[in-house]
Amino acid sequence: MTEKMLTLRLPTPRNLGYSFNWIGRIGLTIIVLWALVAIFAPWLTPYPIGEIVDWDYFGPMSHQFWLGTDYLGRDMLSRILMSARYTVGISLASVTLACTTGVIFGMAAAVIGGWFDILLSRMLDAFNGIPSLLFGLVVVAAVGSSIPVLILTLAAIYLPGAYRFARALAVNVNTMDFVTVARARGERTSYLILHEIFPNIIGPVLADLGLRFVFIVLVLSGLSFLGLGVQPPNADWGALVRENIEGLSLSSPAVVFPSIAIASLTISVNMFIDNLPIKIRDRSE
Amino acid sequence: MPASFIPYFLVAQRLGIALITLVIVSFAVFFATDLLPGDVAQILLGQAATPEAVAGLREAMGLNEPAIYRFLSWLAGLATGDLGTSYVNNMPVSQLIGGRLISSLKLAGVTTLFTVPIALSLGIGAAMARGSLFDRVVSILTISVISVPEFMIATLAVLIFAVWLGWLPALSYGVEVDSWGAMLRGYAMPVITLSCVVSAQMIRMTRAAVIDTINTPYVEMALLKGASRSRMVLRHALPNALGPIANAVALSLSYLVGGVIIVETIFNYPGIAKLMVDAVSTRDLPLIQSCAMIFCISYLSLITLADMIAILANPRLRH
Amino acid sequence: MTDIPLVSVRDLTIGATTDAGRRVQIIRGVSFDIAPGEIVALIGESGSGKTTIALSLMGHTRTGCEITGGHIRVGTSDITAMNEKARANLRGTAVSYVPQSAAAAFNPSQRLMQQVIEISAIHKLMSRSEAEKKAVGLFRALALPDPENIGNRYPHQVSGGQLQRLSAAMALIGDPQLVIFDEPTTALDVTTQIEVLRAFKSVMAKGGISGVYVSHDLAVVAQIADRLIVLKNGEIQEEGATQQILDAPAHPYTKELLAAFKPVTQVHAAFERDPKEQPVIEVDGLFAGYGLVMNGEPQIKILKNVSFKLERGRNLGVIGESGSGKSTLARAIAGIVPAYGGHILFDGKKQQLALADRSKEDLRIMQIVFQLADTALNPAHSIERILGRPLTFYHGMTGRAREARVIELLDMVRLPAALRHRLPGELSGGQKQRINLARALAAEPELILCDEITSALDSVVAAAILDLLKELQRELRLSYIFISHDLSTVQAICQDVLVMYKGEVVEALPAARMASDARHPYSRLLISSVPQLDTGWLSGLEQDPELLAAFSNR
C-alpha cells in the first residue's frame, strides 16, 4: 500500500533522470567527507585533543604534527577534526529545526490564508528586521552560551527566512488547479499540505536548506570568533580561530587551517547546490 | 488621476510596517536582555553586598516595577534621546555612544563610497558578458567570498597586507589620523574587509537583476528591430533594471551591519560595534539595548529603503 | 506570380540543444517562396516549428537553437551567409516582426511613440519629427483612437488590442518588404480580434507588403493569407492557395485540421429523461466575487444575479469573453468561490454555498474539470494515485478493487492500463486532459463542470475529447456545464447556451439557433465576431461600429 504512505521524491539524480556535473560531485564529496569526520572524529584524531604534545607553541607543519600546533602546543589536526562535530552538528541541528518549522508554518499559511497568513507573515517579517549576528549577540548576552541555546538561537534567526521561502513556493503551488480539485473534492487541510503541496516544494526546499546551512555555519563561526559561541574546553572552527588569533602575525598554520576548514565546507555546499540538475523538459518549441 | 497616488500609498504603507516592526523589535530587544539570569543589582554590587543594599539599589533602579512599565519608560526615554546610564561606569549611554557612532558611520560611509561603483560595474559587466570567462571568474570569486566568514577575510587581509607585505598596520586603534595618508592607512584594512563582504552580495544581486531584464521579450524585440547589443542593454534593459539594482544596493548594504561587528572587533576599531561586544562581556544592559536598537534601526532603514525603491521603480506604478 | 520571389527558403534545417545536452533537429528541410505583396500563412500546432521558421527569416534563433543547413534569401540578401551585424541592419528595414504578446514586447518604461519610431532611429532612416509624423499616419491607418496623442502614453495605459496594432505600426515604420506576424491575435478576444485583423489587412494591402502570418487558427488565417503552408514536426505537409486548401485539402493531416472545424448542426439530448424528474441543477440569483469579505460581501464582486436551470441529460454552454465571469460561475457552483447571495439547487435539493459546509455526498455528485491539464494534475503523483484518491475518498476503495477500478476508468477515457504507473509529466496534453476527466468520473458524478477544457489543446485533440465527452454522457447519464470562449466548441456539445457579459447573463439561447435567435446586442456582436472558415468572411462582415465600441474590451 504505497499510496497510503507519504512517498517522498527526493531530487536524487536517478529520480530526476539526470546526473549532475563534476563541480557538484566535488562539492558532494567534500560534504560527505566532513560528515564522516564529524561522526568518526574520536577514532581519527592522532592525539588527544586536550593534551599539550609539543613544547613549542604555534608550531609549524611537520611530519609529527601535520597541521602544526596551537597556542598551547596542542595538535591542530586533532583539534580541527574534533571541532567538525560542533560546527557541523550545531549547524545541522539548527538548520533542520528552522526549516522544518518554517516549512510547516509556510505551507499552513499558504493553504489556510486569510488572517492566519497575514498575522504570521507580518510577525515573522518583523523578526526578520533584526540583523542575525546582532540577535545572536543579544541572546547570548542575556542567557549565556550553551549548545542548546546556540541551536535554538540560530534556528530562530533562520526560521523567518525558511518560512518566507516555503510560503512563497507553497502559494505558487496552491494556485495550481490540482490543489483546487483536491479542495473541491472535500479534502482536509492536512491532506492538502502533506500530499498535494509538500511533494511539489521538497526539491527547492532542500536546496534552500543547504544555503541556509551555509549561513548558519557562518553566523555560528562568527559568534564563536567573538567568544560568544561554543565555550572552552569545547571548540568549533570559529573558536579555534579565536584561540589562535595571536598566531596571525607569525602566519601560523593554527589560525589558517580552521578558516580553511570552514571555507571548504561552505564553498562545497554552495558548489553542490548551484550545480543541482535543473529539471527542464526536452521540448523543441 | 487617483492611480498616481498608488505608489505613495504603498510607500506610506511600507513605512508604517517599518514603524510597527521597530516597535516589535524594541520589545524583543528589551525583553531578551531582561531575561538575563541573576539579579542585576546583585551583580553590580558584587557578592559581598548586604541584602539591604541590594534591595535599595533595586528600588533606586526601578527594578521592582512591572516589566511592561519599565519597557514603556525605556521606549519613551529612547524617543527623547535619553538612553539611560551605563551600569559599568555610570556614564550616560548617549555620551558613551556619541563619538563611537560617528566612527562607525565613517567606516560604513567610506566602505559604501568604495564598494558601490566597483560592485555595480562588475555586476552589470558580468550580466552583459553572461557565460564568458569574465562572468565565470566573477561568479566564482563572489561565491567564495560569500561562503567564508567575515573574520576569515579579515585575517587573510591582515596576513597579506600587514604580515607578508608589511604595507599596512594590522590594527586601527591608536593610529594618528591627522594626515590623509595616515587616515588611509588606518581605514584601509577594515574598509577592504567590509568591502569584500558587501560587494560580493551586491555583485551577485546586480547581476541577477540585469539578467532578469535582459531575458524579457521587449529586449528580444529590440534585437528584432535591429538594435545593437549595447543599445539593447543600455536603452532597454538597464533603465528597467535600475529599480532592482538600487534595491540590491540597499539590501547588500544591510550586510554592513553584521560585517561591522566582526570587523571592528578584529581590527580593534573604536566604533559602536566594538562598544557593544565589550558591553556584552561586561553585561552592561542599557548599553547593549541602545547599541542593539541603533543597529536594528539602521538595518531596518536599509531594507525599508530597498523595498520603497522597488515600489517606486515599477514603471507601471510610476506613470 | 512570375516575378522573382521576394523570399526564398531552401532546405532549411534548424537544430536545437536541449537542456539535457541532447541535439535534436526541429526544422527538417523546409523550402518555400514568398512573392512580393503576398501573404503566406504558416499553419501548424504547437511544436510544429512555425515560429522558429518565421524568426529564421530575420536570421534570429532563440537561445539553444541554430540554423544548421539550407539557405534563406530575402530580397537580395542572403540571410544565412550574413554575420550578426549585417543581419541587424536588415531587421526593421527589410524584415520586421509583430510579436504574439505585444504587452510583453513593449518596454514598460518608455513612451509608445519612442518605441514605435525606434527602428528609424536605429537605422537612421529619417528625422525624429518625420518619423513621428509617419507614425501618426500609421496609427490612423490602423484605426487607433486619438492617433495624434496615443504615442504619448505608456504601454500599460492602452488595451491589448491597441497594443497589438501599435506593434504593427512599430513593424511598418521602416517600410519593410516583409512583415512577420507571430500569432498576433491569439491572446485577444474575438470582438477585438476582428478590428485588429481588419487593420492589419488594410495596411498590408495598401503598402503592397509581403507577410508571413504564423497561426494555429485556420479561420483567422483564411481571412488574411493568400497562401497556406501546413507544418507538422518541422516539415511541410501541404502548400497551396488558401481557397484551394480549404476546398480540397490533399494531405490527410490538413483534412484532419479542417475536420475539426466542421460545423455541427444540432446536438440532441444524449438520453431521454423522465419528465417527472427535477432539473439536475438550478441556480437562482447567484452573486459571487473575490477578496476579503467585509459585511458579508467580497471586495471584488464578479457575478451579479445569475440564474439558470439545466435539465438532466442536457448540456449547458456558458460563453463570454475574458472578464465575463464565466469561470467564476463554475467556481461558485462548485463552492470553491463561495457565493454570497442566491441559491443552488441540485436535483431539487438546496446546496450550501460554501465548499466547507457541503457534505461529501453533495461534493461527489458534482465534479469540476479545469482548463489546463498541466496544472490540474499533481506532477508528483502517479496516475494511479491521482485516479485512486477519489475512489478511496468517496467510495472507500482500497487495494485490488481500487486498482481494477483505476484500469476501468482509464479504459473509459480510452487510455491503456499501463499508463497508471506514469507521472503526469510523461503524458501528452490530450492524455492529461483525459486523465483529468477520468478523475472526475471516478467520483461517479451526475454533473460535470467543464471549464475551458479544450481551449489549451490543439484542434484535432480537442475534437477527440469532445467526442469522448458525448460517448461518456450516453453511457453514464451525465450532464455537463461547458464553459468556453469558443462558440463552435459549445455548439458541438451543448443544447442551451448562456451568454455572459461583465458578470451578468445577458441572454439564454438554444445552441443550434444562436445566430438567428440572438436578440441582445452583445450576444449578436459576439456571435458575429467568430471567424468562419471562409476567405470572404471578414470582408463581408458588417458590424455596427458603435456597438463594437460599446462592448468590445478595447
Side-chain angles (χ1 to χ4, degrees), chain B residues 1-7 9-10 13 124 127-132 135 207-247 309-319, chain C residues 54-63 84-112 114-125 152-158 163 166-167 170-174 176 179-180 182:
Chain B
M1 222 171 109
S4 62
F5 289 118
I6 293 173
F9 171 74
L10 288 173
Q13 191 186 25
I124 295 170
M128 281 176 69
R130 192 179 175 191
S132 68
D135 179 32
R207 178 180 177 273
V210 176
I211 283 179
D212 269 357
T213 9
I214 287 182
N215 285 339
T216 52
Y218 58 80
V219 175
E220 187 188 38
M221 191 65 217
L223 177 83
L224 292 177
K225 286 187 199 170
S228 61
R229 196 166 166 81
S230 58
R231 189 187 174 98
M232 262 165 62
V233 174
L234 295 177
R235 297 291 286 267
H236 291 278
L238 267 189
N240 286 293
L242 277 184
I245 290 176
N247 178 296
I309 290 170
I311 293 169
L312 291 175
N314 185 339
R316 275 164 228 274
L317 292 175
R318 205 169 43 197
H319 301 298
Chain C
L55 284 174
S56 73
L57 296 179
M58 308 184 84
H60 180 60
T61 47
R62 296 232 157 105
T63 317
E84 189 59 25
K85 190 151 190 274
R87 286 174 180 169
N89 280 333
L90 286 184
R91 291 174 189 154
T93 54
V95 195
S96 61
Y97 180 72
V98 177
Q100 171 163 13
S101 166
F106 274 97
N107 184 334
S109 63
Q110 282 185 8
R111 289 181 199 277
L112 290 163
Q114 200 180 341
Q115 304 190 53
V116 168
I117 64 169
E118 191 181 4
I119 285 177
S120 68
I122 292 171
H123 301 286
K124 302 191 179 58
L125 299 175
N152 291 329
R153 302 204 204 159
Y154 285 91
H156 66 278
Q157 294 169 334
V158 300
L163 267 184
L166 284 160
S167 69
M170 184 158 80
L172 292 169
I173 195 93
V179 179
I180 294 164
D182 187 2

> Between the side chain of C:His123 and the main-chain N/O of C:Arg91, is any donor-acceptor distance below 3.5 Å?
Replying inline: yes
>> Can you tell me which portion of C:Arg153 sits under 4.5 Å from chain B's heavy atoms? Options are side chain, backbone, both or neither.
In response: neither
> Between the main-chain N or O of C:Gln110 and the side-chain N or O of C:Gln115, is there a donor-acceptor pair closer than 3.5 Å?
Replying inline: yes
> In terms of heavy-atom pairs under 4.5 Å, which option from C:Ser167, C:Ala104, C:Pro176, C:Ser96 contacts chain B the most?
Replying inline: C:Ala104
> So which part of C:Gln114 gets closer than 4.5 Å to some heavy atom of chain B, the side chain, the backbone, both or neither?
Replying inline: side chain
> Between C:Leu55 and chain B, which part of the residue has a heavy atom less than 4.5 Å away: side chain, backbone, both or neither?
Replying inline: side chain
>> Check whether B:Thr216 reaches the backbone of B:Asp212 with its side chain - one donor and one acceptor, N or O, closer than 3.5 Å.
In response: no
>> Is it the case that the side chain of B:Arg207 and the backbone of B:Ala127 share a donor-acceptor pair, with hydrogens and angles ignored and the cut-off at 3.5 Å?
In response: no
> Considering only heavy atoms, which portion of C:Asn89 lies under 4.5 Å from any heavy atom of chain B: side chain, backbone, both, or neither?
Replying inline: neither
> Of the backbone (N, CA, C, O) and the side chain (C-beta and beyond), which part of B:Arg229 lies under 4.5 Å from a heavy atom of chain C, both, or neither?
Replying inline: neither
>> Apply side-chain contact (heavy atoms from CB on, under 4.5 Å) to residues B:Asn240 and B:Val219 and explain how you reach the verdict.
In response: CA-CA 10 Å; B:Asn240 286 293; B:Val219 175; over 6 Å; no
